[in-house]
Amino acid sequence: MHPLFSLAGKTALISGAGSREGIGMAAARVLAELGARVVLVSTTGRIFERVSELKAEGHDAHGFVCNLSERAAVCQLAAAIAVTLGTVDILVNNAGMTQLGASESFALFHECEDADWDTAIERNLGTCYNATRAFLPAMVAQGWGRVVNVSSVTGPLVSNPGEAAYSAAKAAMVGMSRSIALDVARFGVTINNVAPGWVATASQSASEQQASRHTPLGRAGTPMEMAGMIAFLASPGASYITGQMMVIDGGNCLQESKGA
């Protein structure tokens, strides 16, 4: 393997990796195939099923259950990982949007409930902040690190009715990372964002499937296609890229008319 893409000797933490068909699991698999030891985190015990699958494929994988929206729990997670596995070199902030056992609220802004707004911000932006704040100092201290946020085209570039909170959170992830990039660049740490468009995960709705057929490529993206960019941004080959947002939407944002 070319050293520009080898992650041998690195430890990567991927949040929101509980779903077998999700971006988190795809990212974990690709990072592991590139040589990284992977640490998977989700809110439920199904994370251990994903760990078992990766171990069966011959990868060094570990799992933790943690609600990343609870700051104290994230601090405990970081301490536990530091003791058992050492420094996390690569952090993939994929948690957010959908959560097993928790419904997602869609309401026009002037009709939305304050509690639903707070939950969406906490689930998408709060988890990203909590994890980055917990694991970034060790990267700075060792003089090397990669943070990759899974944002979205929704918020930074486009939006949908009833998704003001989600859009605000995903746009804020990108804005936050730009400032962090300036803070930590001199310490050899980079932070970037992946912005998926339509992706064929288990949580994709029928209307989203229909919309994806009208992209220039005529289909939704796959979790593995998102994982490819995540892995690149985590690699030594991306060492001169920081504070950026990489759009992976099949060219959908390029077209003014998105109808049939």
Side-chain angles (χ1 to χ4, degrees), residues 1-20 22-42 47-66 68 74 77-96 127-128 130-151 173 177 180 184 187-194 196 223-239 241-242 246:
M1 183 184 300
H2 197 287
L4 281 177
F5 303 105
S6 173
L7 296 177
K10 303 299 184 185
T11 296
L13 186 150
I14 305 95
S15 69
S19 171
R20 180 180 285 109
I23 295 173
M25 181 59 172
R29 179 170 279 114
V30 174
L31 293 172
E33 289 172 351
L34 293 176
R37 173 172 58 182
V38 293
V39 181
L40 280 60
V41 179
S42 78
I47 198 67
F48 301 115
E49 299 173 10
R50 306 290 84 76
V51 169
S52 295
E53 291 166 11
L54 291 175
K55 285 184 174 180
E57 297 169 11
H59 302 306
D60 186 355
H62 306 261
F64 292 84
V65 175
C66 182
L68 297 179
V74 179
L77 172 70
I81 291 175
V83 169
T84 58
L85 299 173
T87 299
V88 169
D89 306 291
I90 300 162
L91 172 64
V92 179
N93 284 310
N94 177 63
T127 56
C128 180
N130 290 341
T132 304
R133 183 64 184 85
F135 291 101
L136 191 65
M139 297 181 189
V140 170
Q142 73 175 2
W144 197 96
R146 298 283 186 270
V147 180
V148 183
N149 298 329
V150 180
S151 179
M173 286 172 66
S177 72
I180 295 172
V184 301
F187 300 108
V189 180
T190 66
I191 177 168
N192 290 288
N193 305 272
V194 170
M224 288 300 287
E225 287 173 321
M226 308 305 123
M229 180 58 77
I230 292 170
F232 170 66
L233 293 173
S235 73
S239 57
I241 302 172
T242 194
M246 307 299 185

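What you see is a predicted model, and the numbers here were worked out from it, not measured in a lab. Throughout, numbering of the chain's residues begins at 1 and tracks the sequence.
Summarising the geometry, atom CD1 belonging to Ile180 is positioned 7.0 Å from atom SG belonging to Cys128; distances are rounded to the nearest 0.5 Å. Within the model, atoms CD of Glu33 and CZ of Phe5 stand 15.0 Å from one another, a figure rounded to the nearest 0.5 Å. If you take OG1 on Thr127 and CE on Met173, they are separated by 7.0 Å, rounding to the nearest 0.5 Å. The distance from the CD1 atom of Ile230 to the CG atom of Asn193 is 11.0 Å, given to the nearest 0.5 Å. The distance from the CG atom of Leu34 to the CD1 atom of Ile90 is 9.0 Å, given to the nearest 0.5 Å. Atom-to-atom distance recorded for Arg146:CZ and Leu91:CG is 13.0 Å, nearest 0.5 angstrom.
By the 4.5 Å heavy-atom criterion applied to side chains, Leu7 and Pro236 are counted as neighbours. At a threshold of 4.5 Å between non-hydrogen side-chain atoms, the residues Met246 and Leu233 count as touching. You'll find the side chain of Asn93 stays beyond 4.5 Å of the side chain of Val148, heavy atoms only. Looking at heavy atoms from C-beta onward, Val74 lies out of side-chain contact with Arg133 at the 4.5 angstrom threshold.
Remark: Thr11 pairs with Arg37 by the side chain to side chain donor-acceptor pair (under 3.5 Å) rule, at least two apart or across chains.
Although no hydrogens or angles enter the test, the distance criterion places no donor-acceptor pair under 3.5 Å between the side chain of Asn94 and the main chain of Ile14.
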Full working for side-chain contact (heavy atoms from CB on, under 4.5 Å) between Ile23 and Val92: CA-CA 10 Å; Ile23 295 173; Val92 179; over 6 Å; no

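The two residues Ser6 and Met1 make their nearest non-hydrogen contact at CA-SD, 3.4 Å. Of all the heavy atoms in Val189 and Trp144, the pair that sits closest is CG2-C, 4.0 Å. Smallest separation of non-hydrogen atoms from Ser19 and Met25: O-CB, 3.3 Å. Contact between Met224 and Ala26 at its shortest, heavy atoms only, is SD-CB, 3.6 Å. Ser42 and Ile47 make their closest contact through OG-CB, 3.4 Å (heavy atoms, listed as atom of the first residue, atom of the second, distance). Across all non-hydrogen atoms, the minimal contact from Ile241 to Asn192 is O-ND2, 2.9 Å.
At a cut-off of 3.5 Å, with distance as the only test, no side-chain donor of Ser177 or Asn149 sits close to an acceptor on the other residue.
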